[in-house]
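Read through the structure below, which is laid out as structure tokens, and then see the notes.
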Amino acid sequence: MNIRKGNPEDMRSVLGLIQELAIFEKEPEAVVISEEDLIRDGFGEKPLFHVFVAEVEEEIVGIALYYYRYSTWKGKTIHLEDLIVKEKMRGTGLGSALYAEIMKQGKRDNVRRVEWNVLDWNTPAVNFYKNSGAKILDGWQVVQMDEAGINSFLEKN
């Protein structure tokens, strides 16, 4: 297993893993980005995200995609957007290795927090995170405004 920073040539495989995650999360039609979007947004002058890729026998079989946020309470933080491991590679330690790489990046960057979301029904992930020492916050809910909601809101205001 080799874990390294992703590059533009990896984005086709990264997109494939994102699509695999969408299927796992029961939203196969939700992914609207393209390989070109990933290349533009992750490798331009001001990248919007960074990604570690995990390779086995030259095949990308896992990713950890993250970006920086700013907390008014903590300062610079890392948001782990997706930690994805191909189904055939789950249980091999690959996910743990990618997770560790994100924590190492947080340490290198002197962030005060690494944060992410997990679906409450994804019991293996919830248990993994709890066992790693992460806290799952009660009382907080994820809030989002999709494109249609943004447009609707702006039309009213």
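Starting from 1, each residue takes its place in the sequence as its number. All heavy atoms count here, side chains included; hydrogens, waters and symmetry mates do not.
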Exercise for the section: Would you check, one step at a time, whether the test salt bridge (Lys or Arg N to Asp or Glu O under 4.0 Å) holds for R4 with E101? Expected result: CA-CA 9 Å; R4 62 173 173 77; E101 198 62 41; over 6 Å; no

Fill in the blank from the handout: Y99 meets the ring-ring contact (aromatic ring centres under 6.0 Å, His included) criterion, sequence neighbours left out, with W116, F128, Y129

Fill in the blank from the handout: Residue pairs meeting ring-ring contact (aromatic ring centres under 6.0 Å, His included), one or both in residues 15-34, sequence neighbours left out, come to F24-W121

Which atom pairs, one a donor and one an acceptor, fall under 3.5 Å between side chains of residues 40-50 and the rest of the protein, sequence neighbours left out?
| residue | atom | partner | partner atom | Å |
| --- | --- | --- | --- | --- |
| R40 | NH1 | D37 | OD1 | 3.2 |
| R40 | NH2 | D37 | OD1 | 3.3 |

Completion exercise
Rounding to 0.5 Å, atoms CG (L38) and CD1 (I33) come to a distance of 4.0 Å

Problem - K74, NZ: over 12 other non-hydrogen atoms inside 6.0 angstrom - result: no

Problem - Residues forming a salt bridge (Lys or Arg N to Asp or Glu O under 4.0 Å) with E25, sequence neighbours excluded - result: none

Problem - With sequence neighbours excluded, residues passing salt bridge (Lys or Arg N to Asp or Glu O under 4.0 Å) with K88 - result: E59

Practice task
Could you list the residues that satisfy side-chain contact (heavy atoms from CB on, under 4.5 Å) with V126, not counting sequence neighbours?
Solution key: V118, K130, I136

Handout entry: N/O donor-acceptor pair under 3.5 Å between N7 side chain and E9 backbone
Key = yes

Problem - By side-chain contact (heavy atoms from CB on, under 4.5 Å) - contacts of M1 (at least two apart) - result: I3, V56, L94, A97

Practice task
Calculate, to the nearest 0.5 Å, the distance between atoms OG1 and CG belonging to T123 and N127 respectively.
Solution key: 6.5 Å

Practice task
Under 4.5 Å between side-chain heavy atoms, chaining through other members, with only Ile, Leu, Val, Met, Phe, Trp and Tyr counted: pull out the rest of the cluster around L154, sorted by chain and number.
Solution key: M145, I150, F153

Practice task
Quick one: list whatever passes side-chain contact (heavy atoms from CB on, under 4.5 Å) with E87, sequence neighbours left out.
Solution key: E20, R90

Practice task
Tell me, please, which residues at least two apart from E155 pass salt bridge (Lys or Arg N to Asp or Glu O under 4.0 Å).
Solution key: none

Problem - Over all atoms of both residues, closest heavy-atom pair of E35 and L15 - result: N-CD2, 3.5 Å

Practice task
Specify the closest pair of heavy atoms between L98 and G62, including all atoms of both residues, with the distance to one decimal.
Solution key: CD1-C, 3.7 Å

Handout entry: Residues that E115 engages under side-chain contact (heavy atoms from CB on, under 4.5 Å), provided they are two or more places apart
Key = R69, T77, H79, R113

Handout entry: Rounded distance (nearest 0.5 Å) linking atom CD of E81 with atom CG of L21
Key = 9.5 Å

Practice task
Please report the closest heavy-atom contact between L80 and Y66, naming both atoms and the distance.
Solution key: CA-CB, 4.2 Å

Problem - Any residue meeting side-chain hydrogen bond (donor to acceptor under 3.5 Å, both in side chains) with D109, in chain and number order, not counting sequence neighbours - result: Y68, Q105

Problem - For the student: nearest non-hydrogen atoms of L83 and A64, plus distance - result: CD1-CB, 4.0 Å

